[in-house]
Number of protein chains: 2
Amino acid sequence: MNDKTATAAERPKRTPTAASIKRRQRNQEIKRAAILDAALRTFSHYGLHGASLDQIAQEADVSKTNLLYYFSTKEELYVQVMQELLRVWLLPLSSFSEEQDPFEALGDYLRIKLEFSRDNPEESRLFCMEILQGAPLLLAELQQPLHDRVQAKVAVIQSWIDQGKLKPIEPYHLIFSIWATTQHYADFRVQIEAVAGRTLDDPGFFDETLSNLKTLLLESLRP
Amino acid sequence: MNDKTATAAERPKRTPTAASIKRRQRNQEIKRAAILDAALRTFSHYGLHGASLDQIAQEADVSKTNLLYYFSTKEELYVQVMQELLRVWLLPLSSFSEEQDPFEALGDYLRIKLEFSRDNPEESRLFCMEILQGAPLLLAELQQPLHDRVQAKVAVIQSWIDQGKLKPIEPYHLIFSIWATTQHYADFRVQIEAVAGRTLDDPGFFDETLSNLKTLLLESLRP
DNA sequence: TCTAAGTTAGACCATTTGGTCCAACTTAAC
DNA sequence: GTTAAGTTGGACCAAATGGTCTAACTTAGA
């Protein structure tokens, strides 16, 4: 009747084996990860607008066309980078609980955050940049989970205060202060280096920083 | 002999009066200031690459050509914005001295920095962005004056410690912590708002923040 | 009034860049 | 081997954008 359907029906079908599907998916994942990694580095250094697809493609060692085969637009690539970032970002927030000793728990949290800043400066910078610009992409996804997790931490800190284990303070500001100080050492790295001549990569400076931050932020809370 | 020189010689000279020169300069200054202001707003929101000259020109209510009459390239405009920013930025660092009571002096400094963050969020954001990207433009000019001023503050804090007025601490980290926390409330405004629901523009939140930061950062230093 | 000097804007240009198209190549089912 | 499906890259396109050119307009000295 209709030779379009006829040719379509005649066309021999190919059914890939389960093994080949898996192999292909695995290869795709590896390549996507490489591109995402290159994109993170490039975006965190030059920002969304400052980084070009050519640059990212070159950094990932693929052609621009190939990059666009895996991520169809620049925006999409950026969003995926940010989503992965957000996932990693919220991890350290899952630590302390009410039963722990507050000074041990908060000290650990401070250390984890500072280690995180030292080990993931790119993530830290990109996160900072995004928030600076009003978090056009992150905010919607960030708001709810962040708010909830912080709320939980606030409750824990408040309970420590109620039990008299901690001097009364507004828990929000303690959390903000921990974030602000630890991230500062990553994000303002060049300024720190200009003033102090050292960075967190120097183990001595890392220890000194951690110890000073513990003194400054936590000692004042002893009842 | 040469009609080029002849016509040049014949050309009547105009010698502007002192008053007209002054008037013209004054008008230029006003216009340049308006453009710089628009540029600050735009750059701080979208970054160097994210902000277009069209956008800035529109924000300043002049044509792009006219903007380029006053600042011959985008880079030049950006550099001038950053230079003005740097000047304003270093102002609060000129306050405390050895004779003052350390808690009063540091408390004042904390307040001044927090007020500055509240009143100049654009400057704060742009400064943050520039440092994040490695301060390609600012670093050379920032390094020396910043290092010197911080050095002076470090000396003052150290002398307070030596006099037993302050618990021993590495002065650098105290200064970094004050910067980090106060700037955080401006730069991470959207995050603060997402979590706490309020910003520094709310006077109640401002006072609460200042009081909490004073407790956190300064109480631990009482000998 | 006449016109040099200063100012302004619209048209235009060249480059960058996000993204498309198509042809070639690789893989693996038949 | 044959060929459908998946992958890759070079050529190309269209929009955005930094910057120039030119002509007109304004100001103010002569």
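To find a chain, count down the sequence lines: A is the first, B the second, and so on, and within it residues start at 1. Keep in mind that this is a model prediction, so the values were computed, not measured.
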Those residues that, when tested against B:Ser72, pass side-chain hydrogen bond (donor to acceptor under 3.5 Å, both in side chains) (two or more places apart):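 Residues passing side-chain hydrogen bond (donor to acceptor under 3.5 Å, both in side chains) with B:Ser72: B:Glu76.
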Residues in residues 26-55 of chain A with a heavy atom under 4.0 Å of DNA chain C, by number, are A:Ala51, A:Ser52, A:Leu53
Short of 4.0 Å, heavy atom to strand atom, which residues of residues 61-83 of chain A count as contacting DNA chain C?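 Output list: A:Lys64, A:Thr65, A:Leu68, A:Thr73, A:Lys74.
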Can B:Lys153 be said to sit on top of B:Phe96's aromatic six-ring, NZ or CZ under 6.0 Å from centre and within 45° of the ring axis? yes
Give a yes or no on whether a salt bridge exists between B:Glu193 and B:Arg198, defined as a side-chain N under 4.0 angstrom from a carboxylate O. no
Is it true that A:His173 and B:Phe205 have ring centroids separated by less than 6.0 Å?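 Ring centroids of A:His173 and B:Phe205 are less than 6.0 Å from each other.
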Centroid separation B:Phe188 to A:Trp179 less than 6.0 Å: no
With salt bridge (Lys or Arg N to Asp or Glu O under 4.0 Å) as the test, would you mind laying out the steps for B:Arg26 and B:Glu29 before giving the verdict? CA-CA 5 Å; B:Arg26 178 80 192 118; B:Glu29 268 166 44; 3.7 Å; yes
N/O (side chain, A:Arg23) to phosphate O (OP1/OP2, C:dA28) under 4.0 Å: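 For C:dA28, OP1/OP2 do have a side-chain N/O of A:Arg23 under 4.0 Å.
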Taking the inter-plane angle between the rings of B:His184 and A:Phe176 on a 0 to 90° scale, is it parallel (under 30°), tilted (30 to 60°) or perpendicular (over 60°)? tilted
Side chain to side chain contact (heavy atoms under 4.5 Å, CB included), paired with B:Tyr185, selected from B:Thr199, B:Thr209, B:Leu210: B:Thr209
CD of B:Gln58 versus C1' of C:dA9: gap in Å, rounded? 15 Å
